[in-house]
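It should be emphasised that the depicted structure is a prediction, and the values quoted were computed from it without experimental measurement. Each chain gets a letter, A, B and so on, in the order its sequence line appears, and its residues count up from 1.
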2 protein chains.
Amino acid sequence: MVKTDTKTRILDTAERLFAQKGFDAVSLRNIIASAKVNLAAVHYHFGSKQALVHAVIGRRLRPINGERLAKLAEARAKAGRRPVKLERVLECLFLPLFRVQADPKVGPAFSRLIGRVLFDRNANLQKFMMSELDEVIPQFSAALDAALPGLAKEETDWRSHFMAGAMAHTLCNADLLAKFTGTQFDPRGYESTVRRLIDFTAAGFRAKVSPPTRPGKKK
Amino acid sequence: MVKTDTKTRILDTAERLFAQKGFDAVSLRNIIASAKVNLAAVHYHFGSKQALVHAVIGRRLRPINGERLAKLAEARAKAGRRPVKLERVLECLFLPLFRVQADPKVGPAFSRLIGRVLFDRNANLQKFMMSELDEVIPQFSAALDAALPGLAKEETDWRSHFMAGAMAHTLCNADLLAKFTGTQFDPRGYESTVRRLIDFTAAGFRAKVSPPTRPGKKK
DNA sequence: GCCTGATTCAAACATCCGTTTGAATTAAAT
DNA sequence: ATTTAATTCAAACGGATGTTTGAATCAGGC
């Protein structure tokens with residue numbers, strides 16, 4: 001096997017281009033030109049562009065989600081009867097996702113891609129992501145609830161939503177940090193990124209719930 | 001003026017459709033069909049699709065950014081020599097942006113749109129946004145630094161980044177909250193959304209900075 | 001060798017895209 | 001009423017898109 005498989009060469013190239021420009025902005029012809037394969041090969045191996053998108057995401061996301069659940073299960077086993085500590089739950093959620101940035105076979109491209117997906121409004125893509133996350137979401141939602149006793153479910157949901165936004169933005173736009181602020185970003189240093197993200201979101205989850213603003217308050 | 005201006009009808013329709021499906025996924029023909037105007041009218045009034053996108057964003061964002069700066073200046077004047085409190089800074093940043101959700105002339109469409117823009121990788125769009133924010137970013141960045149004495153600039157930058165992600169995700173995907181968790185979302189109740197967002201992000205900004213993980217740590 | 005199924009290939013398909021054109025229409029000014 | 005400018009309109013432009021086709025090439029089993 002001197003040269004890589006056609007199928008995986010399509011997947012690799014598509015992943016890289018999708019991450020750079022987005023799904024809509026990259027055409028199949030862009031992909032096949034860069035991958036040096038025939039146009040029809042895409043439909044032969046995947047069936048459609050939509051299916052290719054799903055394949056690109058699923059190839060990486062499935063092992064990541066598996067690792068997430070395994071780490072959470074391990075943490076739960078180690079915690080015994082006590083709930084897993086909030087920071088540990090977040091670590092199980094973030095680390096497998098950010099770790100691929102340091103994987104030389106993957107690189108930072110997929111991170112940007114997966115972050116972008118969380119903001120995509122394409123109905124098919126959303127449905128696909130929901131199906132990929134159908135184990136992860138309830139498991140981690142329950143773990144967060146357990147780690148935050150006394151916090152109303154509605155508040156936990158909102159704060160999970162905020163956390164997802166911070167995570168997605170960090171995944172796909174971490175390079176903007178340099179542009180806006182001058183602070184450097186090193187994709188190999190994913191551990192410090194995750195540590196900062198955990199610091200921020202854990203404190204956000206634990207924040208005191210301030211009372212609703214009274215309608216009669218002075219402007 | 002029984003029927004609205006062609007130009008504003010294009011803007012309104014484009015805003016609604018862009019918010020629903022994204023900039024790339026909406027064609028000019030989708031817009032003119034829904035707005036019931038001629039195709040060439042878009043180029044006559046705006047010049048190009050790119051320019052239309054900028055016009056749609058700028059129309060709403062310019063007043064919002066003006067209001068943000070005005071509120072921040074007011075808060076600074078009231079605080080005198082002391083720095084403006086963190087929660088107040090965040091309120092000046094969030095409130096003008098989320099308030100348009102309750103404006104019957106605007107509705108929740110623009111919120112989704114502006115949240116989406118923050119995640120868009122289009123180079124022209126990013127340049128345009130940078131130019132629209134060239135006053136807001138340094139002003140609020142300085143206010144955050146002042147409200148967080150003792151926090152290293154690098155940490156403030158990272159946490160601003162997390163905050164931007166939480167904000168953007170809330171703006172454009174708040175409706176997903178219902179889908180994922182069942183928690184209801186009422187666009188009229190933007191005040192409680194902002195209050196929750198402030199609670200979360202303010203606590204995140206104030207979080208204790210945990211030390212970097214030692215490389216020799218056990219796996 | 002030959003056959004069979006899997007894969008690659010160039011070419012074409014129909015459709016959609018943003019943009020341009022030039023004439024028709026409307027509104028305002030003289 | 002006539003001239004002038006602003007606006008609308010149908011039609012076409014060149015090019016890009018995802019997808020399909022049918023023949024050519026390759027692989028491995030008999």
Taking the side chain as every heavy atom from C-beta outward, state whether B:C92 and B:F140 have any atom pair closer than 4.5 Å. yes
Each nucleotide N or O in nucleotides 16-20 of chain C that has a protein N or O under 3.5 Å away: list the pair and distance.
from	atom 1	to	atom 2	distance (Å)
C:dC17	OP1	B:S27	OG	2.7
C:dG18	OP1	B:K49	NZ	2.8
C:dG18	OP2	B:L28	N	2.9
C:dG18	N7	B:R29	NH1	2.6
C:dG18	O6	B:R29	NH2	2.6
C:dT19	OP2	B:H43	NE2	2.9
C:dT19	OP2	B:K49	N	2.8
C:dT19	O5'	B:H43	NE2	3.3

Regarding [X] and [Y], does a basic nitrogen lie under 4.0 Å from an acidic carboxylate oxygen?
| X | Y | result |
| --- | --- | --- |
| B:E74 | B:K71 | no |
| B:R60 | B:E15 | yes |
| A:D12 | A:R59 | yes |

Whole-Å distance between [N] [atom2] and [X] [atom1]?
| X | N | atom1 | atom2 | result |
| --- | --- | --- | --- | --- |
| A:I31 | D:dT17 | CD1 | C1' | 12 Å |
| A:K36 | C:dA10 | NZ | P | 13 Å |
| B:I10 | D:dC9 | CD1 | C1' | 13 Å |
| A:I32 | D:dT19 | CD1 | C1' | 13 Å |

Salt bridge (charged side-chain N to carboxylate O under 4.0 Å, His left out) filter on A:E155, not counting sequence neighbours, yields B:R196
Between N or O atoms, less than 3.5 Å apart, protein on one side and nucleotides 5-7 of chain D on the other: list the pairs.
from	atom 1	to	atom 2	distance (Å)
D:dT7	OP2	B:Y44	OH	2.9
D:dT7	O5'	B:Y44	OH	3.4

Answer yes or no: does a side-chain N or O of B:N38 lie under 4.0 Å from OP1 or OP2 of D:dA10?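 For B:N38, the contact criterion (side-chain N or O under 4.0 Å from OP1 or OP2 of D:dA10) is met.
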Show every side chain to side chain donor-acceptor pair (under 3.5 Å) that has at least one partner inside residues 120-131 of chain A, sequence neighbours left out.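 For residues 120-131 of chain A: A:R121-B:N173, A:R121-B:D175, A:Q126-B:K179.
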Residue pairs, two or more places apart or on separate chains, that pass ring pair (Phe, Tyr, Trp, His ring centres under 6.0 Å) and touch residues 43-70 of chain A: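 Checked against ring pair (Phe, Tyr, Trp, His ring centres under 6.0 Å) - neighbours excluded - the pairs reaching residues 43-70 of chain A are A:H54-A:F128.
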Partners meeting ring pair (Phe, Tyr, Trp, His ring centres under 6.0 Å) with A:F110 (sequence neighbours left out): none
